[in-house]
Amino acid sequence: MVRHSILILGGTTEARQIAERLMAMNRFRLELSLAGRTRQPAEQPVPVRVGGFGGAEGLAGYLAAGKVDLLIDATHPYAARISANAAKASSISGVSLVALRRPGWERQAGDRWTEVESVEQAVAALGSTPRRAFLALGRQELLPFEAAPQHVYLVRSVDPVEPPLDLPQVTYLMARGPFREADERTLLQESGIEVIVCKDSGGGASYGKIAAARDLGLEVVMIRRPFLPDVVAFETVDALADHVAQAFPQERGE
Ligand code: NAP
């Protein structure tokens with residue numbers, strides 16, 4: 001039986017779900033690639049490789065060496081570099097690329113969003129008056145907040161923030177989503193949070209804080225999504241998996 005080979009660029013819940021869906025079809029050779037950002041990554045249903053490829057050329061070489069038939073970009077919407085590399089590697093190698101592009105959240109009545117382009121702009125948006133801010137960001141994105149030591153911070157991340165930030169008033173919370181709206185509301189209220197800083201991740205797993213903020217009338221400083229290359233893309237795991245199933249139909253006799 002010919003098994004087509006698929007490389008999934010992952011690190012998201014959807015990447016794991018895509019791997020599960022394709023695995024269940026029992027006709028692909030699958031590998032999932034992680035950047036290696038989290039210390040104890042979630043269990044994956046397929047073989048995993050970890051670490052960068054060395055840019056677009058490195059990824060193109062990896063695709064050629066592994067005789068990969070299809071590349072799936074299911075990385076986080078803010079992981080702009082790997083998505084750009086995936087598009088470039090696809091054109092260098094000729095290996096088809098499909099992406100999962102999780103839609104962003106839509107602003108609803110009652111939302112108090114201040115949209116900014118970068119973490120640095122988010123720091124500026126907090127203003128000079130001391131506030132209690134909840135930072136729901138990756139630990140690699142926190143350093144710019146050292147420029148605003150007047151605020152009281154609650155930082156939530158998957159892994160510990162090491163070294164700790166050079167800030168006088170910061171509390172660390174280690175947790176991995178999904179986060180329920182009711183729990184988020186309790187957290188925001190008990191910590192006396194006045195403003196949230198986060199990314200427009202989309203999806204349901206981290207929407208609880210957005211809904212809770214709306215409910216409590218809190219400001220959300222929303223870091224806008226980066227530019228991603230225009231490639232064949234699907235918004236849901238099911239749509240992408242169906243596309244793959246059709247692109248590589250089961251061969252007769254299988
Ligand atoms: P990035 O800036 O797009 O990628 C930086 C480099 O990391 C890439 O050039 C590549 O190195 C390597 N890389 C990234 N994803 C990879 C993968 N799946 N497999 C192998 N190598 C990979 O992405 P990032 O540094 O991972 O993250 C950037 C942003 O996305 C941050 O805002 C982060 O918080 C967010 N993010 C969130 C989640 C989440 O689930 N919440 C997950 C990931 C990222 P080479 O060039 O050497 O190949």
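Whatever order the structure lists ligands and atoms in, that order sets their numbers, starting from 1. All of these numbers come straight from a predicted model, not from anything done at the bench.
- Interface of G51 with ligand 1, defined as ligand atoms under 4.0 Å from a residue heavy atom, comprises 20 (C), 21 (N).
- Under 4.0 angstrom from ligand 1, the non-hydrogen atoms of A80 all belong to its backbone.
- Taking all heavy atoms of G52, G58, G55 into account, the minimum distance to atom 11 (O) of ligand 1 is reached by G52.
- Which parts of ligand 1 touch G11 is read off a 4.0 Å heavy-atom cut-off, strictly below it: atoms 40 (O), 42 (C).
- A salt bridge is absent between E181 and K209; no separation between the charged side-chain nitrogens and carboxylate oxygens falls under 4.0 Å.
- The shortest heavy-atom contact between A19 and L32 is CB-CD1, 4.0 Å.
- Heavy-atom distances between G36 and ligand 1 stay at or above 4.0 Å for every pair.
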Evaluation steps, salt bridge (charged side-chain N to carboxylate O under 4.0 Å, His left out), between E141 and K199: CA-CA 11 Å; E141 297 154 322; K199 292 179 286 196; 3.0 Å; yes
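- Salt-bridge check for R102 with E14: passed, with a basic side-chain N closer than 4.0 Å to an acidic carboxylate O.
- Residues L126 and H151 approach most closely at CB-NE2, 3.4 Å, considering heavy atoms.
- Ranking the protein heavy atoms by distance from atom 31 (C) of ligand 1 puts E141 OE2, 3.2 Å first.
- For atom 19 (N) of ligand 1, the nearest protein heavy atom (residue, atom name, distance) is S33 OG, 2.7 Å.
- Salt-bridge formation is detected for the pair R156/E184: a Lys NZ or Arg NE/NH1/NH2 atom is positioned less than 4.0 Å from an Asp or Glu carboxylate oxygen.
- Of the N or O atoms in F53, one or more lie within a sub-3.5 Å distance of an N or O in ligand 1.
- Nearest heavy-atom pair, M174 versus D159, reported as atom, atom and distance to 0.1 Å: SD-C, 3.6 Å.
- Residue contacts with ligand 1 for L34 involve N, CA, C or O but no side-chain atom from C-beta outward (heavy atoms, distance under 4.0 Å).
- The contact set between ligand 1 and N85, taken as ligand atoms under 4.0 Å from a residue heavy atom, comprises 9 (O), 46 (O).
- Of all protein heavy atoms, the one lying nearest to atom 1 (P) of ligand 1 is R81 CB, 3.8 Å.
- Contacts with ligand 1 closer than 4.0 Å are made by no heavy atom of Q140, backbone or side chain.
- In this structure, the protein non-hydrogen atom closest to atom 34 (O) of ligand 1 is K199 NZ, 2.7 Å.
- Scanning the protein for heavy atoms near atom 10 (C) of ligand 1, the closest one is I82 CD1, 3.9 Å.
- Inclusion of G54 in the set of residues having an N or O under 3.5 Å from an N or O of ligand 1 is warranted.
- Atom 6 (C) of ligand 1 has its closest protein heavy atom at R37 NH2, 3.5 Å.
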Side-chain polar contacts of residues 66-77 - donor-acceptor pairs under 3.5 angstrom, sequence neighbours left out - could you list them?
| from | atom 1 | to | atom 2 | distance (Å) |
| --- | --- | --- | --- | --- |
| D69 | OD2 | S5 | N | 2.7 |
| D73 | OD1 | T75 | N | 3.1 |
| D73 | OD1 | T75 | OG1 | 2.6 |
| D73 | OD2 | S83 | OG | 2.8 |
| D73 | OD2 | R101 | NH1 | 3.3 |
| T75 | OG1 | S83 | OG | 3.3 |
| H76 | ND1 | Y78 | N | 3.1 |

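- The minimum heavy-atom distance between R49 and S33, with the atom names listed, is NH1-OG, 2.7 Å.
- Nearest heavy-atom pair across P45 and E20 is CG-CG, 3.6 Å.
- What sits closest to atom 28 (C) of ligand 1 on the protein, heavy atoms only, is Y78 O, 3.6 Å.
- The proximity of R49 to ligand 1, defined as any non-hydrogen pair under 4.0 Å, is limited to the side chain.
- For ligand 1, the atoms closer than 4.0 angstrom to any heavy atom of G10 are 18 (N).
- Within the 4.0 Å heavy-atom criterion, the part of H76 lying near ligand 1 is the side chain and not the backbone.
- Considering only non-hydrogen protein atoms, atom 13 (N) of ligand 1 sits nearest to A35 CB, 3.6 Å.
- Applying the salt bridge (Lys or Arg N to Asp or Glu O under 4.0 Å) test to pairs two or more places apart or on separate chains, those with a residue in residues 120-132 are R131-E219.
- Using a cutoff of 4.0 Å between basic side-chain nitrogens and carboxylate oxygens, D200 and R224 are not scored as salt-bridged.
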Full working for side chain to side chain contact (heavy atoms under 4.5 Å, CB included) between V220 and W105: CA-CA 13 Å; V220 175; W105 294 317; over 6 Å; no
